[in-house]
Structure formats: structure tokens, C-alpha cells
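Note on naming: letters A, B, ... go to the chains in the order of the sequence lines (proteins, then strands), and numbering restarts at 1 for each one.
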2 protein chains.
Amino acid sequence: MTLREKVEKRVAAFLDTCRRQGVKATHQRTEILRELAGSEEHPDAETILGRVRRRVPAISVDTVYRTLRLLEDKGVIARVGSMRDRARFDANTDRHHHFVCTECGMIGDFYSDAMDRFPVPREVSEMGSVEGVYVELRGICRKCKQKAMKTEGRTGEQP
Amino acid sequence: MTLREKVEKRVAAFLDTCRRQGVKATHQRTEILRELAGSEEHPDAETILGRVRRRVPAISVDTVYRTLRLLEDKGVIARVGSMRDRARFDANTDRHHHFVCTECGMIGDFYSDAMDRFPVPREVSEMGSVEGVYVELRGICRKCKQKAMKTEGRTGEQP
DNA sequence: CCTCCTCTCGTAATAATTACGATTTAGTAA
DNA sequence: TTACTAAATCGTAATTATTACGAGAGGAGG
């Protein structure tokens with residue numbers, strides 16, 4: 001299957017998702033996805049805007065950002081790297097990794113020898129030389145989980 | 001060794017680094033590092049500013065941001081998550097990971113079964129439930145490496 | 001074709017981070 | 001200690017990515 005075909009398949013699948021979920025399958029959305037699906041280089045929003053504009057000259061920044069968020073929410077595309085808006089810092093200089101709560105942003109350190117010395121796949125050695133590993137486990141922390149339970153379980157306790 | 005002692009050790013080490021590298025060991029820098037080293041919660045710049053202000057009321061935002069960058073450059077602290085300023089997107093929905101060039105920002109995809117199904121350390125299970133793994137290998141890509149070679153090797157070629 | 005509701009456009013607002021010019025301070029050596 | 005100088009800080013303004021908003025356009029179903 002050629003790249004062009006792959007792209008069209010992804011686009012078609014997205015159009016389907018739209019119909020099923022009552023979301024409008026607009027020209028702009030289609031072109032944004034088409035652009036992204038046909039690219040290997042993980043472009044940023046501005047780059048995508050520039051490229052899509054060649055085909056849809058009047059498209060706006062807002063639309064691009066909104067669409068990218070939409071596609072991300074539907075699981076059609078992914079955001080690379082940290083999803084947080086503000087930088088967070090860490091004074092722990094020992095080699096370690098992080099657990100991040102996607103609900104409240106809590107970050108915990110942990111140690112894993114195995115993750116430190118991950119064997120580098122050949123694929124990667126061909127891209128360049130690896131100098132560091134960044135591992136982030138993502139999930140829901142204890143506190144948020146308990147909070148969620150309580151909220152669900154609202155069945156008659158007094159305020 | 002108590003936490004307080006650890007913190008002071010880190011601070012002392014930093015003051016040493018300053019002297020050796022001709023960087024000034026200011027009160028503000030010391031307090032920022034002291035705050036960060038004594039914290040387990042990976043605070044953001046604003047939080048650090050607020051806390052340090054209790055002890056150094058006139059400290060400015062600029063100083064905090066500048067100092068954090070300095071400490072990061074010296075390897076005294078680390079930034080959690082992505083270091084990039086703009087979001088990057090990825091339409092590859094297959095389970096995969098990324099290689100990122102810290103020089104030019106190039107991003108490449110790769111696949112690793114081993115990394116996908118990594119056993120979650122007990123430490124982490126105690127923090128919460130893990131729902132996803134994000135792995136990023138960082139280094140220098142082929143292209144940047146070649147460029148660096150050429151630049152180094154400037155020994156007599158004409159412009 | 002018509003209506004409704006969602007989506008888009010253009011631009012303004014927001015929020016994190018960085019830059020700037022005047023002033024202060026650490027480091028150093030007399 | 002004092003004096004000197006480069007570097008750092010302060011307060012604020014500028015910059016940059018991203019999000020919000022109001023008016024109008026367009027897709028989907030009747």
C-alpha cells in the first residue's frame with residue numbers, strides 16, 4: 001500500500017468517526033489530517049497551518065489549533081512529548097524516571113535499572129547517537145482515584 | 001543524612017561550580033536552588049518564585065527563569081518532560097516511541113516491543129495506576145553530527 | 001429549499017517565558 | 001577595607017504559543 005493510499009484510508013476512517021459521533025466532517029479538518037498523515041516529520045501547528053494554507057488559503061490559526069485538539073481527543077493523532085503547559089523542574093540528579101498523573105499533574109520519581117540501560121534498537125542507531133533516555137509512566141495517582149470513587153459513589157451521604 | 005544536610009550539600013556543590021566556572025554565586029541563585037533541592041514535588045517556575053519570595057521578597061520573575069535555565073545548563077537541575085517550546089504532532093497511531101535530536105529538533109519514530117510491555121516497578125504501582133508509557137530517546141541525529149564534524153574540521157579550506 | 005446547529009474566520013485576549021535598560025552586587029586586587 | 005568592573009538583578013515591557021469570542025458561513029436532515 002502506497003503512502004497516498006494510507007493517507008486516504010486514514011482520512012476515510014476519520015470521516016467515518018465524524019459521522020458516527022455527530023461531528024462535522026469539514027473540508028478544513030480533512031485537509032489538516034491529510035497533511036499530518038502524509039508527513040513523517042512531526043510538524044508543529046504553525047507548520048501545518050502554512051502547508052494547509054496552500055490548499056485552503058483562508059484557513060485560520062484557531063481552526064488549526066482547534067482541529068488538532070479535536071483529532072487528539074478522538075485518538076486520531078497524538079501530541080509528541082509533554083502535554084503540560086508549564087515547565088516543571090527537578091533537583092534530583094540521580095538517574096531516575098517519572099510517574100505523572102494525567103489528572104492533577106502530580107509527578108513522582110522512581111528508579112529502574114532496566115529502563116536506564118534499555119538496549120537501543122538498531123532502527124535508532126541509524127537515526128543518530130543516543131545520549132539519554134526519558135521515560136514517563138502516565139496514569140492516575142492514588143489521590144485522584146479515590147476522589148473519583150467518592151464522586152461516583154454519591155448515593156445519599158449528607159453534605 | 002537528613003534532607004536539610006542533603007540540600008546544603010547540593011548548595012555547597014553549586015557554589016563550588018560557580019567559583020570554578022567564573023559564575024557569580026548570588027543570594028538569589030542560592031535560594032532558588034535551596035528551594036528546589038528541598039522539594040519533592042517538581043514545582044513550576046511560578047511556584048518557585050512564590051516560595052523564594054518569602055525569603056527574598058524583591059526577587060524578580062526574570063531572575064527565577066534565568067537562574068532555572070542556568071542551573072539546567074550546568075546540569076544541577078533538570079526539566080521534566082519535553083524541553084521544546086512548541087507542540088509537535090504525530091499521525092502515526094501504531095504503538096511506537098520517539099528519537100529526538102536535541103540539536104535540531106528532528107523527531108523519528110521507532111518500534112520496540114520491549115519498551116511497550118515493560119513491567120511496572122512496584123514503587124510506581126504504589127503511586128497510582130499506569131495507563132501509558134512515554135519513551136523518548138535523546139541524542140544527536142546523523143545530519144547534525146556531520147555538520148559538527150565539518151565545523152570542527154575547519155583547517156584551511158577556502159570560503 | 002429551509003432551518004438549525006456546528007464550524008470557521010479574523011482578531012483580540014491570555015499566559016508562560018524572554019528581553020531590556022537602569023541600578024546593584026559579587027569577586028578581586030590594591 | 002576600599003575601589004573597580006563585569007556580571008547579575010530588578011521592574012517592566014515585549015514576545016510567542018495557544019485559546020477565546022462574536023459574527024457569519026456551511027453541512028446535514030427534513
Is any side-chain N of the basic residue among A/Arg69 and A/Glu72 closer than 4.0 Å to the acidic one's carboxylate O? no
Rounded to whole Å, how long is the line connecting atom CZ of B/Arg88 with atom C1' of D/dT18? 17 Å
Of B/Ala25 and B/Tyr65, whose nearest nucleotide on DNA chain C comes first from the 5' end? B/Tyr65
For B/Ala87 and B/Gly22, find the nucleotide of DNA chain D closest to each by heavy atoms; which residue's nucleotide sits nearer the 5' end? B/Gly22
For a quick check under 3.5 Å, do B/Lys74 and B/Thr17 share a side-chain donor-acceptor pair by atom type? no
From A/Met106 CE over to A/Arg142 CZ, what is the distance, rounded to the nearest 0.5 angstrom? 11.0 Å
Please indicate whether A/Glu103 has more than 12 foreign heavy atoms, meaning atoms of other residues, nucleotides or ligands, lying under 6.0 Å from its CD. no
Where along residues 28-52 of chain B does a heavy atom come under 4.0 Å from DNA chain D, residue by residue in number order? B/Gln28, B/Arg29
Atom CG of B/Asp62 to atom P of D/dT15: distance rounded to whole Å? 15 Å
Nucleotides bounding contact with chain A, strand DNA chain C, heavy-atom threshold 4.0 Å: C/dC5 to C/dT17
Decide whether A/His42 and B/Asn92 meet the rule of one side-chain donor and one side-chain acceptor closer than 3.5 Å. no
What residues form a ring-ring contact (aromatic ring centres under 6.0 Å, His included) with A/His97, not counting sequence neighbours? A/Phe110
Could you tell me whether A/Arg51 and A/Glu41 have a side-chain N and a carboxylate O separated by less than 4.0 Å? yes
Protein-nucleotide distance (B/His27, atom NE2; D/dA8, atom C1'), rounded to Å: 14 Å
Whether B/Thr26 contacts D/dT9 is assessed here as follows: a side-chain N or O lying under 4.0 Å from the phosphate OP1 or OP2. Is that the case? yes
Regarding A/Arg138 and A/Glu136, does a basic nitrogen lie under 4.0 Å from an acidic carboxylate oxygen? yes
Mind checking if B/Arg66 touches a base, just sugar-phosphate, or nothing, with heavy atoms under 4.0 Å? base
Considering heavy-atom distances to DNA chain D, does A/Arg19 or B/Lys24 have its closest nucleotide positioned more toward the 5' end? B/Lys24
Touch check for A/Val61, heavy atoms < 4.0 angstrom, all strands: base, sugar-phosphate only, or nothing? base
For atom CZ of B/Arg55, is the number of surrounding heavy atoms from other residues, nucleotides or ligands below 6.0 Å larger than 12? yes
